[in-house]
Amino acid sequence: MQNKSAISGCFLVGPTAVGKSAVAHCIALQDHCNILSADSMLIYKGMDVGTAKPSRAEMAAVRYYGIDIVPPDVSYSVWAFKTYAYDVLEKIHSRGERAIIVGGTGLYIKALMHGLTPGPGVDPGLRAKWNNVLNTQGIGPLQEFLLKKDPELYKSLSDNKNPRRLIRAIERVEAVGTGVKNGLTEEWMSPENGPVLVGLKCSPEELNLRIESRVRAMYCQGLVEEVRMLMEQGKQLSVTARQAIGYAEASDLLNGHCSKEEAIARTIIRTRQYAKRQKTWFSRQTNVKWIDVDAGMNTAEIADLVKEYWRKYEPVPIKK
RNA sequence: GGCGGGUUCGCAUAGUGGCAAUUGCGGCAGACUGUAAAUCUGCUCCCUCUGGGUUCCUUGGUUCGAGUCCAAGACCCGCCA
């Protein structure tokens, strides 16, 4: 039996398109590390170009985890990720090896750092029912229902105008009854006192340029063909997989609903907005030491800096 | 050259004579424990900001009052030449 508290990892975080993956790969090669991706879209098989998945050559050179773990018609969740990731890290640890955890999905990262409060899983019937209520009658009935059923929980919601959260809260109440708190419990650490993550960042102008050229590159690398293939497989993308930026836009293009330039423009905008949210999340929810990669540093130089920071701060403990 | 349509706060749109002016997008900031590349919130003309100042192509007019009505001009778009 492993000593669970001993499991830890080196984190590399940051907004999309700053170059996290390349740096992580570089370090993994140098130091023979495993890479665990903490990215909610890299988990889907067959969604490669649009998610900027590591290449086959890269995946042959370094042991990657968290990639291609479910087919794209299956829905996924933080809980599933946390469970999977903990197993992976335990395995790596038992081999006496190190893991680099790279990713932009803040919630996944946080789930590894803080654990997740156990709770009921997704109840598709319940979600369908309440989504239907939402679509026909608006958000009012959801708020009223929860307020009546569990006023404490309703008040504890940081955002009671968010249908997604309301439905999740209702789902919880229906499954385990009242009195269950939403959000973090005992083990919560404030971001300032929490463990240090290393992050890559750059100026908004530079990031916008990188995003734009990245999206254009995806179109050159065959994003549209990839989406066509996914469509031709007959199975629909799962609720979670179809949220991937770029895929809805490319399928609009395939269906003749927009031009290629429109699809590209829309994809760039959505990616930019996503990067902004990531920036907000990491700076507010976690304690990040940022490395500014603006000034034309190459991957190896950035890798050295990242490793220096990892040495300087303690590795981040992983919570079960 | 003739006839018609249009010009509104970055873009697109709404606007019965009482409007700092609708909505969408974008932008900025923020929230966040089972859909998170999602979802949601606030702000988005200017200022010395529980108030004040300038706005709706331009100029002039009607009116207590004009983005809204009238006249002329500028530019754009259709159709006929």
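Sequence lines set the chain letters: A, B, ... in the order given, protein chains first and strands last, and positions in each chain run from 1. Only this structure's heavy atoms are used, side chains among them; waters, hydrogens and symmetry mates stay out.
Using a 4.0 Å cut-off between a side-chain N of Lys or Arg and a carboxylate O of Asp or Glu, A:E308 and A:R311 do not qualify as a salt bridge. Salt-bridge formation is detected for the pair A:K149/A:E174: a Lys NZ or Arg NE/NH1/NH2 atom is positioned less than 4.0 Å from an Asp or Glu carboxylate oxygen. Between A:D68 and A:K53, at least one side-chain N (NZ, or NE/NH1/NH2) sits under 4.0 Å from a carboxylate O, which counts as a salt bridge.
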Are A:N287 and A:N193 close enough, and set up right, to give a side-chain contact (heavy atoms from CB on, under 4.5 Å), and what steps lead you there? CA-CA 7 Å; A:N287 186 11; A:N193 304 323; over 6 Å; no
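The nearest whole Å value for the distance from the CG atom in A:L112 to the C1' atom in B:rG34 is 14 Å. Separating the CD1 atom of A:I139 from the P atom of B:rC40 is a distance of 8 Å, rounded to the nearest angstrom. Taking atom OH of residue A:Y274 and atom C1' of nucleotide B:rA36, one finds them 8 Å apart after rounding to whole Å. Rounded to whole Å, the distance from OH on A:Y44 to P on B:rU35 is 10 Å. One interatomic measurement links the two molecules: CG of A:L153 to P of B:rG34, which rounds to 11 Å at whole-angstrom precision. Look at CD on A:Q278: it is 14 Å from P on B:rG30, rounded to the nearest Å. Atom CD in A:E171 sits about 17 Å away from atom P in B:rU39, given to the nearest Å. Residue A:I109 contributes atom CD1, which lies 17 Å from atom P of B:rC32 at whole-angstrom precision.
Remark: the separation of the C1' atoms in B:rA37 and B:rG24 is 23 Å, to the nearest Å. If you take atom C1' in B:rA21 and the same atom in B:rU13, they sit 13 Å apart, rounded to whole Å. B:rA66 sits 11 Å from B:rC56 when the C1' atoms are compared, rounded to a whole Å. When the P atom is used for both B:rU23 and B:rG15, the distance is 14 Å, rounded to whole Å. On the P atoms, B:rA71 is 15 Å away from B:rU62, given to the nearest whole Å. Separating the P atom of B:rC57 from that of B:rU8 is a span of 6 Å, rounded to the nearest Å. On the P atoms, B:rG10 is 23 Å away from B:rC75, given to the nearest whole Å. Between B:rC70 and B:rC80, the distance separating the two C1' atoms is 28 Å to the nearest Å.
No donor-acceptor contact under 3.5 angstrom links the side chains of A:K279 and A:S283, judged on distance only. One side chain, A:E226 or A:Y247, offers a donor N or O that lies under 3.5 Å from an acceptor on the other. Defined by atom type and a distance below 3.5 Å, a donor-acceptor pair is present between the side-chain atoms of A:K307 and A:Q30.
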Pairwise N/O distances under 3.5 Å, protein to nucleotides 24-28 of chain B:
| residue | atom | partner | partner atom | Å |
| --- | --- | --- | --- | --- |
| B:rG26 | OP1 | A:R266 | NH1 | 2.8 |
| B:rG26 | OP1 | A:R266 | NH2 | 3.4 |
| B:rG26 | OP1 | A:Q273 | NE2 | 3.3 |
| B:rG27 | OP1 | A:R272 | NE | 3.2 |
| B:rG27 | OP1 | A:R272 | NH2 | 3.1 |
| B:rG27 | OP2 | A:Q273 | NE2 | 2.8 |

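A:P191 has its side chain out of reach of A:T286: every pair of non-hydrogen atoms, C-beta onward, lies at least 4.5 Å apart.
Applying the 6.0 Å contact sphere to CD of A:E97 captures more than 12 heavy atoms from other residues, nucleotides or ligands. Within 6.0 Å of the CZ atom in A:R95, the count of heavy atoms belonging to other residues, nucleotides or ligands exceeds 12.
Distance from the side chain of A:S77 is smallest to B:rU35 among B:rC32, B:rU35, B:rC40. You'll find that the side chain of A:D39 is closest to B:rA37, out of B:rA37, B:rC40, B:rG34. Of the candidates B:rG34, B:rC40, B:rG30, the closest approach to any side-chain atom of A:T280 belongs to B:rG30. With B:rA37, B:rU41, B:rA36 as the candidates, the nucleotide lying closest to the side chain of A:W281 is B:rA36. The side chain of A:T105 approaches B:rA36 more closely than any other nucleotide in the set B:rG34, B:rC40, B:rA36.
Taking every heavy atom of residues 216-247 of chain A and every atom of RNA chain B, pairs under 4.0 Å involve A:V239, A:T240, A:Q243, A:A244, A:I245, by number.
Checking A:R210, A:R272, A:R214 one by one against A:T16, the side chain to side chain donor-acceptor pair (under 3.5 Å) holds for a single residue, A:R214.
Contact annotation for A:N160: no contact, since no heavy-atom pair falls under 4.0 Å across all strands. Within the nucleic acid shown, A:Y108 comes within 4.0 Å of sugar-phosphate atoms alone, with no base atom in reach, counting heavy atoms only. Within the nucleic acid shown, A:S40 comes within 4.0 Å of at least one base atom, counting heavy atoms only. A:R284 comes within 4.0 angstrom of the backbone, heavy atoms only, and of no base.
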Give the dot-bracket string for RNA chain B, reading 5' to 3', where a pair is Watson-Crick or G-U wobble with both distances under 3.5 Å, ( ) marks pairs inside the strand, [ ] marks pairs crossing earlier ones, | marks a partner on another strand, and . marks unpaired. ((((((((.[[[..)..(....]]]((((((.......))))))(((...)))...[[[[[..)....]]]]]))))))).
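Here A:R168 reaches the OP1 or OP2 of B:rG34: one of its side-chain N or O atoms lies under 4.0 Å away. Contact annotation: A:R277 does not reach the phosphate of B:rA37 (side-chain N/O to OP1 or OP2, under 4.0 Å).
Close placement of the A:W130 and A:F145 rings is indicated, their centers lying within 6.0 Å of each other.
When each of A:G106 and A:W79 is assigned the nucleotide of RNA chain B with its nearest heavy atom, A:W79 is the one assigned upstream, toward the 5' end.
For B:rC19, the O4'-C1' to base torsion is within 90° of 0; the nucleotide is therefore syn.
The two residues A:V196 and A:V316 come nearest to each other via the heavy atoms O-CG2, 3.4 Å.
For A:K82 and A:W79, the positive end sits near the middle of the six-membered ring, less than 6.0 Å away and at most 45° from its axis.
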